[in-house]
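Structure first, commentary second.
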2 protein chains.
Amino acid sequence: MSEARARLLSTASGLFYAEGLHSVGIDRIIATAGVTRATLYRHFPGKDDLVVAYLTLADEAIRARVDAARSRDALPEDVIRTVARSIADDIRGPGFRGCAFLNAAAEYPDPAHPVHRAVLGHRQWFLAAITELFTDTGKPDPEPAGRHFAMLRDGAMAAGCLTDPEPICATFLRGVEGLLEYRSGLGPDDGA
Amino acid sequence: MSEARARLLSTASGLFYAEGLHSVGIDRIIATAGVTRATLYRHFPGKDDLVVAYLTLADEAIRARVDAARSRDALPEDVIRTVARSIADDIRGPGFRGCAFLNAAAEYPDPAHPVHRAVLGHRQWFLAAITELFTDTGKPDPEPAGRHFAMLRDGAMAAGCLTDPEPICATFLRGVEGLLEYRSGLGPDDGA
DNA sequence: GGTTGAGTAGACCGATCGTTCTATCTACCT
DNA sequence: AGGTAGATAGAACGATCGGTCTACTCAACC
């Protein structure tokens with residue numbers, strides 16, 4: 001928890017997210033953080049561990065936001081809406097560069113690699129969390145609904161940094177709303 | 001069109017797609033292709049140009065498949081279904097590693113970079129093509145429908161290489177079908 | 001028959017990669 | 001007062017990066 005370690009992780013996160021994992025070297029990180037090589041290797045065994053720490057940080061931040069939405073809104077539908085709105089805010093926000101996890105997976109395809117596994121872990125949690133929210137709504141077929149939500153999210157985050165984010169956010173939020181609203185008229189056996 | 005150039009581009013494409021752009025070096029490419037360094041630099045000014053050529057190849061392949069679907073099916077709805085099915089087949093196929101363009105954009109965030117611009121070009125074409133297909137159906141709001149389709153596609157391709165592709169394909173195809181079917185009951189002014 | 005273009009083979013460039021090392025300094029804890 | 005942990009500074013490691021270079025071979029074409 002030393003100050004140098006915090007500065008290191010913070011600047012590394014910024015650089016990794018903005019420019020990519022392989023494009024950012026150790027030299028850039030320590031120079032930007034104003035820290036020595038030895039200090040980095042005191043806190044992190046290697047670059048891979050620094051990347052994993054970066055993803056862990058992002059994972060915790062997102063979990064915290066979902067938890068906050070959970071405790072703020074009473075109805076599970078509203079929690080889902082709040083989560084969707086927070087995703088849209090991210091996409092609209094300055095410096096948005098897509099999903100940190102999808103970007104990481106693109107650079108680390110090997111399923112056995114710690115970085116790739118960190119991505120898988122986060123995505124597994126997210127799908128379970130959003131599916132649970134759909135379950136809480138009491139509507140039929142929460143599982144395909146959760147998958148549908150996650151798919152829209154992935155697509156929105158992937159596209160949001162490549163063109164004008166406004167129409168992407170509009171499409172995403174409308175898709176989520178449709179997923180939420182029109183399912184209420186459905187029976188339990190006609191899919192999603 | 002020399003044989004060496006074709007071999008070069010083909011093996012480079014395979015390596016780039018499977019392992020990432022920055023992870024694959026010139027040495028690996030020429031060794032795998034069984035070609036000399038000088039031969040590579042005779043046909044491509046630099047690595048960036050090789051990457052762009054790889055994306056151009058992928059772009060042309062996809063355009064050809066959409067054209068084929070266009071000329072095979074009579075109804076625009078069926079063309080859309082055929083395109084969606086071909087995307088699902090890709091995701092299910094062996095060695096699927098996500099969308100080559102989204103992966104490339106993750107590694108080349110700079111909008112001015114030729115590789116990034118190639119990604120943008122492909123995506124711009126795809127959105128226009130799919131929107132045109134929705135326009136041809138005569139149903140209302142083809143533009144948001146096209147955007148919705150593209151978003152589902154992006155999400156499906158991003159997720160398809162991270163977990164079991166089967167449920168992802170199911171969610172994608174069901175989403176497209178919903179987009180196609182339930183829109184027929186809508187008026188012109190209630191969004192998508 | 002000579003020129004030209006495409007290919008092979010391989011040395012070589014500077015730069016950067018991630019990593020390890022020694023040495024010194026400083027602040028805090030007992 | 002002494003010891004330890006965390007930080008600084010900076011040299012050095014081998015490996016690899018993308019790219020350039022010279023020298024030689026071979027086949028096709030005018």
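Protein chains get the first letters and strands the later ones, always in sequence-line order, with residue 1 at the start of each.
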For the pair Arg81(A) and Asp78(A), evaluate salt bridge (charged side-chain N to carboxylate O under 4.0 Å, His left out) and give the outcome as yes or no after the intermediate values.
CA-CA 5 Å; Arg81(A) 285 191 181 93; Asp78(A) 287 335; 3.2 Å; yes
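Along DNA chain C, the stretch of nucleotides lying under 4.0 Å from any heavy atom of chain A spans, 5' to 3', dC17(C) to dC21(C).
The backbone N or O of Thr39(A) lies less than 3.5 Å from no partner atom in the side chain of Thr36(A), so there is not a single donor-acceptor pair. At distances below 3.5 Å, not a single donor-acceptor pair connects side-chain atoms of Ser10(A) with backbone N or O atoms of Ala6(A). Between the side chain of Tyr54(B) and the backbone N or O of Gly14(B), no donor-acceptor pair lies under 3.5 Å. No donor-acceptor pair under 3.5 Å is formed between the side chain of Asp73(A) and the backbone N or O of Leu75(A).
Each of Arg7(B) and Asp48(A) was assigned the nucleotide of DNA chain C with the nearest heavy atom; the assignment lying further toward the 5' end belongs to Arg7(B).
Ile168(B) contributes atom CD1, which lies 12.0 Å from atom CG of Leu173(B) (distance to the nearest 0.5 angstrom).
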Distances for protein N or O near nucleotides 21-29 of chain D N or O, under 3.5 Å:
none

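Using a 4.0 Å cut-off on heavy atoms, the residues of residues 23-34 of chain B that approach DNA chain D are Val24(B), Gly25(B), Ile26(B), Asp27(B), listed by number.
Residues meeting the side chain to side chain contact (heavy atoms under 4.5 Å, CB included) test with Pro167(B), sequence neighbours left out: Arg147(A), Asp164(B). Glu166(B) meets the salt bridge (Lys or Arg N to Asp or Glu O under 4.0 Å) test with Arg92(B); sequence neighbours excluded. Applying the ring pair (Phe, Tyr, Trp, His ring centres under 6.0 Å) rule to His122(B) yields the partners Phe101(B), Trp125(B); only residues at least two apart in sequence or on another chain are considered.
The interatomic distance linking Tyr41(A) (OH) with dG6(D) (C1') rounds to 18 Å, in whole Å. To the nearest angstrom, P of dA7(D) lies 9 Å from CD of Glu3(A). A straight line from CG of Leu40(A) to C1' of dT8(D) spans 14 Å, rounded to a whole angstrom. Separating the NZ atom of Lys47(B) from the P atom of dC17(D) is a distance of 8 Å, rounded to the nearest angstrom.
Under 4.0 Å is where a charged nitrogen must lie from a carboxylate oxygen, and between Arg65(A) and Asp90(A) at least one such pair does. Ion pairing between a basic and an acidic side chain is recognised when a charged N comes within 4.0 Å of a carboxylate O; Asp59(A) and Arg63(A) show such pairing.
The side chain of His43(A) places an N or O atom within less than 4.0 Å of a non-bridging phosphate oxygen (OP1 or OP2) of dA7(D). Side-chain nitrogen and oxygen atoms of Thr39(A) include at least one within less than 4.0 Å of the OP1 or OP2 phosphate oxygen of dT8(D).
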